[in-house]
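To start, the structure under review is shown below, and the notes come after it.
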Amino acid sequence: MTKSVDDLARGDQGPNDQDPVHLEEQAFGDNPLEVRDTDHYTQEYVGGFVDKWDDLIDWKARYESEGTFFIDQLRARGVKTVLDAATGTGFHSVRLLEEGFETVSADGSPQMLAKAFSNGLEYGGHILRVVNADWRWLNRDVHGEYDAIICLGNSFTHLFSERDRRKTLAEFYAMLKHDGVLIIDQRNYDSILDTGFSSKHTYYYAGEDVSAEPDHIDDGLARFKYTFPDKSEFFLNMYPLRKDYMRRLMREVGFQRIDTYGDFQETYGDTEPDFFIHVAEKT
Ligand code: SAM
């Protein structure tokens with residue numbers, strides 16, 4: 001049975017209050033640091049992690065921290081149709097539907113899409129149009145052309161080879177109308193790589209309920225550990241994308257103008273943002 005935030009607040013911490021709970025479903029094998037494979041994401045977003053994540057990440061708090069940034073970017077360009085390429089549990093898809101955008105919700109993880117669909121019903125009675133599709137073969141599984149594609153929540157960094165990154169960007173480019181816009185966000189890996197592992201920063205979601213911290217960092221792997229209030233731990237293996245490399249890839253695939261924001265701000269000189277957001281236009 002899934003626990004609610006209320007259960008956790010009452011101090012019901014699950015099977016064991018003291019020891020970390022390693023839920024079996026995430027499979028990283030004997031040497032997790034060798035897992036550097038684009039296909040592995042489907043084994044990382046598994047039932048336990050998906051449910052827990054959504055029980056604890058407060059959608060309202062997320063709404064407040066993002067404000068209207070993405071909605072403003074889309075409206076400023078007259079966008080009507082949006083493909084949410086990394087739907088996850090549906091936060092942005094639901095937000096877009098609420099704001100009146102015609103939205104298709106794609107993801108390569110069926111578990112995530114199932115959760116997104118039920119969240120759509122729960123939050124506002126929306127029927128999400130979900131499509132199970134891997135970005136590398138997006139055009140095969142998703143039809144039509146879109147005014148905008150969004151790929152948010154640090155999702156793009158699940159791609160481990162440059163070939164997969166180029167292929168994905170090319171698929172996104174092809175599915176956009178001639179004047180379409182692509183919005184991708186990513187963690188600020190430059191700062192993590194440059195300041196080194198010793199100064200690792202812990203990120204908190206929804207207050208202090210869930211923490212995310214780098215567990216291992218090298219040029220080819222950023223392994224993050226997520227710790228929940230019941231002490232259960234989950235991991236995600238991602239590729240530490242550098243900001244300027246990402247901008248170059250988008251330019252090389254054909255995007256003409258790329259604006260990069262730091263934590264939703266246009267200028268980010270003085271403070272180190274946690275996230276970068278790239279807004280890439282086709283024309
Ligand atoms: N955008 C959501 C959010 O911000 O809450 C979800 C972000 S979650 C970190 C990343 C999502 O990207 C997961 O749902 C995962 O299944 C999806 N994903 C990762 N690699 C993918 C790929 N190659 N093709 C399709 N989906 C992928």
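In each ligand, atom 1 is the first atom listed, and ligand 1 is the first ligand listed.
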Point to revise | Close approach of Y41 to ligand 1, heavy atoms, under 4.0 angstrom | key: yes
Practice item. Give yes if a backbone or side-chain nitrogen or oxygen of W135 is under 3.5 Å from a nitrogen or oxygen of ligand 1, and no if not. Key: yes
Practice item. Kindly work out whether a path of hydrophobic side-chain contacts (I/L/V/M/F/W/Y, heavy atoms less than 4.5 Å apart) joins L128 to L96. Key: no
Exercise for review: Please report the closest heavy-atom contact between I149 and A85, naming both atoms and the distance.
Suggested key: CG2-CB, 4.0 Å
Practice item. Measure the acute angle between the ring planes of Y123 and W59, then classify it against the limits of 30° and 60° as parallel, tilted or perpendicular. Key: parallel
Point to revise | Enumerated ligand 1 atoms positioned under 4.0 Å from heavy atoms of M112 | key: 14 (O)
**Study point:** Selection residues 137-152 - residue pairs positive for salt bridge (charged side-chain N to carboxylate O under 4.0 Å, His left out), sequence neighbours left out
**Key:** D147-K177
Review point. Does a side-chain N-to-carboxylate-O contact under 4.0 Å join R166 and D164?
Key: no
Review point. Near H158, which atoms of ligand 1 are under 4.0 Å from a heavy atom of that residue?
Key: 19 (C), 20 (N)
Check your understanding: Any N or O of D107 that comes nearer than 3.5 Å to an N or O of ligand 1?
Key -> yes
Check your understanding: Applying a strict 4.0 Å limit to heavy atoms, is R62 in contact with ligand 1?
Key -> yes
Check your understanding: What atoms of ligand 1 come within less than 4.0 Å of a heavy atom belonging to G88?
Key -> 6 (C), 14 (O)
Check your understanding: Which residue owns the protein heavy atom closest to atom 10 (C) of ligand 1, what's the atom, and how far is it?
Key -> S155 OG, 3.0 Å
**Study point:** Contact with ligand 1 for D134, non-hydrogen, under 4.0 angstrom
**Key:** yes
Study note, to complete from the structure: Only one of V279, D179, D72 passes side chain to side chain contact (heavy atoms under 4.5 Å, CB included) with R77, and that residue is V279
Practice item. Give a yes/no verdict on a cation-pi contact between R95 and F70, requiring under 6.0 Å between NZ or CZ and the six-membered ring centre and an angle within 45° of the axis. Key: no
Point to revise | Closest approach of any protein heavy atom to atom 9 (C) of ligand 1, naming residue and atom | key: Y45 OH, 2.9 Å
Check your understanding: Just which atoms of ligand 1 are under 4.0 Å from any heavy atom in G108?
Key -> 25 (C), 26 (N)
Exercise for review: Would you mind running through ligand 1 and noting each atom that sits below 4.0 Å from a heavy atom of L152?
Suggested key: 1 (N), 2 (C), 4 (O), 7 (C)
Practice item. Return a yes/no value for N154: is any of its N or O atoms, backbone included, closer than 3.5 angstrom to an N or O of ligand 1? Key: no
Review point. What atoms of ligand 1 come closer than 4.0 angstrom to any heavy atom of S109?
Key: 16 (O)
**Study point:** Heavy-atom closest contact (D185 atom, N154 atom, distance)
**Key:** OD1-N, 2.8 Å
Point to revise | Closest non-hydrogen atom pair between W135 and A86, with its separation | key: CZ2-CB, 3.8 Å
Check your understanding: For ligand 1, which atoms have a heavy atom of G153 less than 4.0 angstrom away?
Key -> 4 (O), 7 (C), 9 (C)
Check your understanding: So, does A133 sit close enough to ligand 1 that a heavy atom of it is under 4.0 Å from the ligand?
Key -> yes
Exercise for review: Before accepting this row, confirm whether a basic side-chain N of the pair D84/R129 lies closer than 4.0 Å to the acidic partner's carboxylate O.
Suggested key: no
Exercise for review: Any atoms of ligand 1 less than 4.0 Å from a non-hydrogen atom of A86? List them with their elements.
Suggested key: 1 (N), 2 (C), 6 (C), 12 (O)
Point to revise | Identified side chain to side chain donor-acceptor pair (under 3.5 Å) partner of N237 from the options H158, E34, R223, R36 | key: R223
Check your understanding: Can you find a non-hydrogen atom of T87 under 4.0 Å from ligand 1?
Key -> yes
